[in-house]
2 protein chains.
Amino acid sequence: MNVKTICLAILHEGDATGYEIRKLSTEGEYAYFVEASFGSIYPALARLEEEGLVRSHVQQQAGRPAKKIYSITDAGRAAFRDSLFEDLGDDVYRSAFLLFARFAPELPADLVETRLRERLAKQDDAIRKLKDLQEEHQSPQDRWVISYGISCIQVARDYLAAHMHELIALAQPVAEAEAAE
Amino acid sequence: MNVKTICLAILHEGDATGYEIRKLSTEGEYAYFVEASFGSIYPALARLEEEGLVRSHVQQQAGRPAKKIYSITDAGRAAFRDSLFEDLGDDVYRSAFLLFARFAPELPADLVETRLRERLAKQDDAIRKLKDLQEEHQSPQDRWVISYGISCIQVARDYLAAHMHELIALAQPVAEAEAAE
DNA sequence: CACCCCCTATATCGCTTCGATATATGCTCG
DNA sequence: CGAGCATATATCGAAGCGATATAGGGGGTG
């Protein structure tokens, strides 16, 4: 799943600028399972245009910078659909949090507790955002994917809430006086 | 969470070769939340040695290629612990499967069903492997992290089993005769 | 028993991608 | 009225991925 495919997927659903593609892949309904940065989107769009899979036209705007609006071509639509027939790669999951958790016994209990609470707050926030997103999107395939995401984050959150004290208990105890310093 | 940090984390728990580090980050207890390939591990280890954070010695072996065994130094141990005090980056989750699911309405129902069943089998396999891993590891921090993983994959698997027919129903119906062709 | 593939083991190369930065302007809020 | 944020494009250096090269031993199959 490279950035070119992500761009085609988003353009398949409607025209967009590079800026908008990045927003959708960072905040929109694609945010939690794909992502791409400017540094990869702009070169990807340029290459897609060379290959004839997308087309662009510049739209001047009063005040604001000019937009370069990209549209998918028939060839692009075909290429994207073909790519959906290919074997799916494995999901990627990387978590600095779990590495941190793995080394809890090396760390002071108050730090471990702080990070766990931060994590819990982040997950609550993510769930809230996904629920908002679900209300904005009526298409059943969007709802299906977003529900999947909510289920996963919810169970991770609940596991954390139920088992955080176990991890804190493994960490280095901090004396009251030391903690107050 | 860069590859250098992953190498230090693994060497923190014991000496290892580049090959073993890669195995641990691909099949071992780190596998499902960190990952690194040869192309990043070997350069990372070389740079860590330059920086004095790890040390290596070559061990000749009868028949097999010589091993280059890396050990963490006191400086490396300190640098790794310091990195655990830094703010944690967000988790990364990328899923070609969810992109595929999002576009189910564009695809033939039999393909969607095939991919869903493949996915279910993969997740069952992942759960089995994590359960085996959990029996091999007695340290409570390992068990905590692995349990977290099992919970997440289990709920994803159950969601899939419960809702896969919804996605198949959204896909393009395939006529019996056409399917037989 | 030859052949082939897999496992161990190190290492590099090219391409993709990330993260930071540059540039420019308008809008909003304190 | 100035700081900071949103819109918008684009590039650069560094990091990392995936494939490939190299090489010998072990195991299974025709």
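We use all heavy atoms of the structure for the numbers below, so side chains are in, but hydrogens, waters and symmetry mates are not. Here is the naming used below: chain letters follow the sequence lines, and residue numbers restart at 1 for every chain.
The CD1-P distance, from B/Ile21 to C/dT10, rounds to 9 Å in whole Å. A straight line from CD of B/Gln59 to P of C/dT8 spans 16 Å, rounded to a whole angstrom. Distance CE (A/Met1) to C1' (C/dC15): 18 Å, rounded to an integer number of Å. Summarising the geometry, the separation between NZ on B/Lys67 and P on D/dA23 is reported as 21 Å, rounded to the nearest angstrom. If you measure from atom CG of A/Asn2 to atom C1' of D/dG16, you get 15 Å, rounded to the nearest angstrom. When the P atom of C/dT25 is taken as reference, atom OH of A/Tyr19 falls 17 Å away, rounded to whole Å. If you take NZ of B/Lys4 and P of D/dA14, they are 12 Å apart, rounded to a whole angstrom. One atom, CG of A/Leu24, and another, P of D/dT7, lie 12 Å apart when rounded to the nearest Å.
In this structure, A/Arg102 pairs ionically with B/Glu13, as a charged nitrogen and a carboxylate oxygen lie closer than 4.0 Å. With salt bridges taken as basic N to acidic carboxylate O contacts below 4.0 Å, none links B/Lys131 and B/Glu135. Electrostatic pairing of B/Glu49 and B/Arg55 does not count as a salt bridge here, judged by no charged N lying under 4.0 Å from a carboxylate O.
For A/Asp74, the CG atom counts as loosely surrounded, since its 6.0 Å shell holds 12 or fewer non-hydrogen atoms of other residues, nucleotides or ligands. Counting non-hydrogen atoms of other residues, nucleotides and ligands closer than 6.0 Å to CZ of A/Arg143 gives a total above 12.
Within the 4.0 angstrom heavy-atom criterion, only backbone atoms of the sugar-phosphate kind lie near A/Ala66; the bases stay farther away. A/Ala36 comes within 4.0 angstrom of sugar-phosphate atoms only, judged by non-hydrogen atoms across all strands, and of no base.
Residues A/Asp15 and A/Tyr70 have side chains that never bring a donor and an acceptor to within less than 3.5 angstrom of each other. Using modelled atom types and a 3.5 Å distance limit, the side chains of A/Gln134 and A/Ser147 yield a donor-acceptor pair.
Contact check, A/Arg94 against D/dC17: a side-chain N or O comes under 4.0 Å of OP1 or OP2. Contact between the side-chain N/O atoms of B/Ser40 and the OP1/OP2 oxygens of D/dC17 is found at a separation under 4.0 Å. Checking the phosphate oxygens (OP1, OP2) of D/dT7, a side-chain nitrogen or oxygen of A/Lys23 falls inside 4.0 Å. Here B/Thr17 does not reach the OP1 or OP2 of C/dT8: none of its side-chain N or O atoms lies under 4.0 Å away.
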Would you list the protein and nucleotides 20-22 of chain C atom pairs, both N or O, that sit under 3.5 Å from each other?
none

